[in-house]
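This report refers to the structure that appears directly beneath it.
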Amino acid sequence: MAEPAIPALPPGSTIGILGGGQLGRMLALAAARLGLECHIYAPEADSCAFDVVRHATLAEYDDEPALERFARACDVITYEFENVPAATANFLARRKPVRPDPQVLALTQDRLVEKDFIAALSIATAPYAAVDSGGNIAEAVAKIGLPAVLKTRRLGYDGKGQRMIGRDDDPAEAFRSLGSVPCILEGFVPFEREISVVAARSSQGEVVAFDVTENEHRHHILKISRAPARISDVMAEEAQHMAETIASAFGYVGVLAVEMFALANGAGRRVLVNEIAPRVHNSGHWTIDGASVSQFEQHIRAVAGWPLGHPVRHGRVEMTNLIGAEVNDYPRWLTEPGTSVHLYGKGEPRPGRKMGHVTRVFGEG
Ligand code: AMP
């Protein structure tokens, strides 16, 4: 999957982005600061990334004439969400460079394929077993034990498509409740913290990781990220090394995030990989205001063939998501010392919808 070093695109070039959510919006804003243009392609008319670019395509992912025109208008193409259909990415890759390589999408869209890939790199994960659509769940439970977490292999996010199975629960019922689709059963990890590493890899193969971030979820949705994570230096190095190994093994070009579980000392392997997001990530939003180079700028630099930055963190940083109606608190945040406010320009603040975030930087740390 390694790609030959790419000539750097000059300022004024156009980066195509598949997906029109807040990640695309923040990528386009970072590109603008570097004198690069973005062209957003998304099927939803109310895509908030459309608002910050001059060039946009509103079309379905299987609209080949629209994809053809989009490819012609762009110098390189990337994505802001990982469930872009493989056929779309491949159609575009036959016309223009697509970074990261579409094969990475195929690997990360299926939790079982992804776990096998990670395990083949000798990187630790929760113990896992496949559950096929025929429902061999009893076999998987016999292998993994309970409690365990049953997840659909495809299309899961923010806790959707997964069920915790306790010792007294009926595994077959849990499988049916997820629609009897192919699943993966994972042993429940008694983690101390959830952490993530956001790392960038350039087309020349250089990998630069941000400081490890500690993540707190509410109702399965990321609520707060803190950098640096409260873990030992040895653990932080181990976590960064895992992300760097994964990025290099993919021959990745761009930013990816690796979500991990940090175990308390004495609980066996110290860091386990949970999942890979082949894109910029919510747990890296703190880098916009909290570091000299943001995750969005790193991604734009990498896909444009530019050298990566070497980010310096400005202090101890805390990012809080504004979810649903919490966005209505923005006037309070606007006057909070040391706080940067980001509103995504989405319309209705529906429950669970990520509407914005705030970042606070606290002196040294
Ligand atoms: P995921 O969709 O894989 O990111 O999982 C969503 C959340 O469920 C994670 O952030 C964890 O809080 C929890 N979770 C997922 N897998 C496990 C596991 N094997 N053991 C314990 N908690 C888990």
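As the structure is a prediction and not an experimental result, all values here were calculated from the model.
Interatomic distance, CD of Glu186 versus CG of Leu272, reported as 10.0 Å (0.5 Å rounding). Atom-to-atom distance recorded for Leu112:CG and Leu185:CG is 11.5 Å, nearest 0.5 angstrom. Within the model, atoms OG of Ser196 and CD1 of Ile276 stand 13.0 Å from one another, a figure rounded to the nearest 0.5 Å. From Leu343, atom CG reaches atom SG of Cys48 across 11.0 Å, with rounding to the nearest 0.5 Å. Between the CZ atom in Arg270 and the CD atom in Glu238 there is a gap of 4.5 Å [rounded to 0.5 Å]. Between the OG1 atom in Thr152 and the CZ atom in Arg111 there is a gap of 6.0 Å [rounded to 0.5 Å].
Each of Arg226, Arg316, Arg230 was evaluated against Glu214; a single residue qualifies, Arg230, per the salt bridge (Lys or Arg N to Asp or Glu O under 4.0 Å) test.
Side-chain atoms of Thr108 and Phe250, non-hydrogen and from C-beta on, do get closer than 4.5 Å to each other. Arg201 is listed as a side-chain neighbour of Ser248, based on a closest heavy-atom distance under 4.5 Å. Between Thr320 and His357 there is no side-chain heavy-atom pair separated by less than 4.5 Å. Counting heavy atoms from C-beta outward, Cys74 and Tyr41 have side chains that stay 4.5 Å or more apart. Residues Leu18 and Leu92 meet the side-chain proximity criterion, which asks for heavy atoms closer than 4.5 Å. Within the 4.5 Å cutoff, side-chain heavy atoms of Phe70 are placed close to those of Ile77. Between Ser340 and Ile288, every side-chain heavy-atom pair lies at or beyond the 4.5 Å cut-off. The shortest side-chain heavy-atom distance between Val104 and Gln109 does not fall under the 4.5 Å cut-off.
In this structure, Leu322 is not a member of the same hydrophobic cluster as Trp286, with clusters built from ILVMFWY side-chain heavy atoms closer than 4.5 Å. Follow the hydrophobic side-chain contacts under 4.5 Å out from Trp306 and you reach Met26 in the same cluster. The hydrophobic cluster containing Val53 also contains Val303, counting ILVMFWY residues as joined when their side-chain heavy atoms lie under 4.5 angstrom apart, directly or transitively. Cluster annotation: Met319 is not connected to Val341 through the hydrophobic network of ILVMFWY side chains, with a link wherever side-chain heavy atoms come within less than 4.5 Å. Hydrophobic clustering places Leu256 together with Ile123 (ILVMFWY residues linked when any side-chain heavy atoms are closer than 4.5 Å, directly or through intermediates).
At least one donor-acceptor pair under 3.5 Å links the side chain of Asn136 to the backbone N or O of Asp132. Between the side chain of Asp63 and the backbone N or O of Ala59 there is no donor-acceptor pair closer than 3.5 Å. A side-chain donor-acceptor contact under 3.5 Å links Ser292 to the backbone of Val312. For the pair Asn321 (side chain) and Leu222 (backbone), a donor-acceptor distance under 3.5 Å is present. The backbone N or O of Phe50 lies less than 3.5 Å from no partner atom in the side chain of Ser47, so there is not a single donor-acceptor pair. Judged by distance alone, with hydrogens and angles left aside, the side-chain atoms of Glu37 form no donor-acceptor pair with the main-chain N or O of Ile15 at under 3.5 Å. Judged by distance alone, the side chain of Tyr79 and the main-chain N or O of Pro100 form a donor-acceptor pair under 3.5 Å. A donor-acceptor contact shorter than 3.5 Å links the side chain of Ser202 to the backbone of Glu206. Using a distance-only test at 3.5 Å, with no hydrogens or angles considered, no donor-acceptor pair links the side chain of Arg353 to the main chain of Met355.
In this pair, Tyr344 and His285 present their aromatic rings perpendicular. The plane angle is above 60°, beyond the 30 to 60° band.
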Steps toward side-chain contact (heavy atoms from CB on, under 4.5 Å) verdict (Val317, Phe362): CA-CA 6 Å; Val317 192; Phe362 307 91; over 6 Å; no
side-chain hydrogen bond (donor to acceptor under 3.5 Å, both in side chains) between Tyr128 and Asp116, intermediate numbers included: CA-CA 10 Å; Tyr128 65 94; Asp116 286 344; 2.6 Å; yes
Verdict with reasoning, Glu80 to His299, per side-chain hydrogen bond (donor to acceptor under 3.5 Å, both in side chains): CA-CA 10 Å; Glu80 61 106 54; His299 187 76; over 6 Å; no
Residue pair Ile224, Asn215: steps toward the side-chain contact (heavy atoms from CB on, under 4.5 Å) verdict: CA-CA 6 Å; Ile224 298 175; Asn215 303 313; over 6 Å; no
Full working for side-chain contact (heavy atoms from CB on, under 4.5 Å) between Tyr252 and Asp101: CA-CA 7 Å; Tyr252 199 87; Asp101 189 296; over 6 Å; no
Chi angles and distances behind the salt bridge (Lys or Arg N to Asp or Glu O under 4.0 Å) call for Lys115, Glu275: CA-CA 8 Å; Lys115 282 266 176 352; Glu275 70 175 340; over 6 Å; no
Worked check of side-chain contact (heavy atoms from CB on, under 4.5 Å) between Val212 and Gln240: CA-CA 7 Å; Val212 182; Gln240 285 177 318; 3.9 Å; yes
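The minimum heavy-atom distance between Val207 and Ala247, with the atom names listed, is CG1-CB, 4.5 Å. Of all heavy-atom pairs spanning Val327 and Pro349, the tightest one is CG1-CB, 4.0 Å. Looking at every heavy atom in both residues, Pro11 comes nearest to Leu34 through CB-O, 4.3 Å. Across every non-hydrogen atom of Ala249 and Phe117, the tightest pair is CB-CZ, 3.8 Å. Between Gly24 and Ala49, the closest heavy-atom pair is C-CB, 3.8 Å. Shortest non-hydrogen contact noted between Val197 and Ala209 is CG1-CB, 4.0 Å.
Ion pairing between Arg193 and Glu216 fails under the 4.0 Å rule for side-chain N and carboxylate O. Comment: Arg153 does not engage Glu114 in a salt bridge, judged by the lack of any side-chain N to carboxylate O separation of less than 4.0 angstrom.
Within the structure, the ring pair (Phe, Tyr, Trp, His ring centres under 6.0 Å) test picks out the following pairs touching residues 188-218 (sequence neighbours left out): Phe191-Phe261. Residue pairs that meet the side chain to side chain donor-acceptor pair (under 3.5 Å) test with at least one member in residues 324-336, sequence neighbours left out, are Lys223-Glu326. Note on residues 15-36: pairs passing side chain to side chain donor-acceptor pair (under 3.5 Å), not counting sequence neighbours, are Gln22-Lys346, Arg33-Glu297.
Side-chain contact of His281 with Gln295: a donor-acceptor pair under 3.5 Å is absent, judged by distance alone. Side-chain polar atoms of His342 and Asp289 form a donor-acceptor pair below 3.5 angstrom. Arg69 and Thr57 share no donor-acceptor pair across their side chains, judged by distance under 3.5 Å alone.
Taking the ring axis of Phe91 as reference, the NZ or CZ atom of Arg95 stays within 45° of it and closer than 6.0 Å to the ring centre.
At most 12 non-hydrogen atoms from other residues, nucleotides or ligands lie less than 6.0 angstrom from NE2 of His241.
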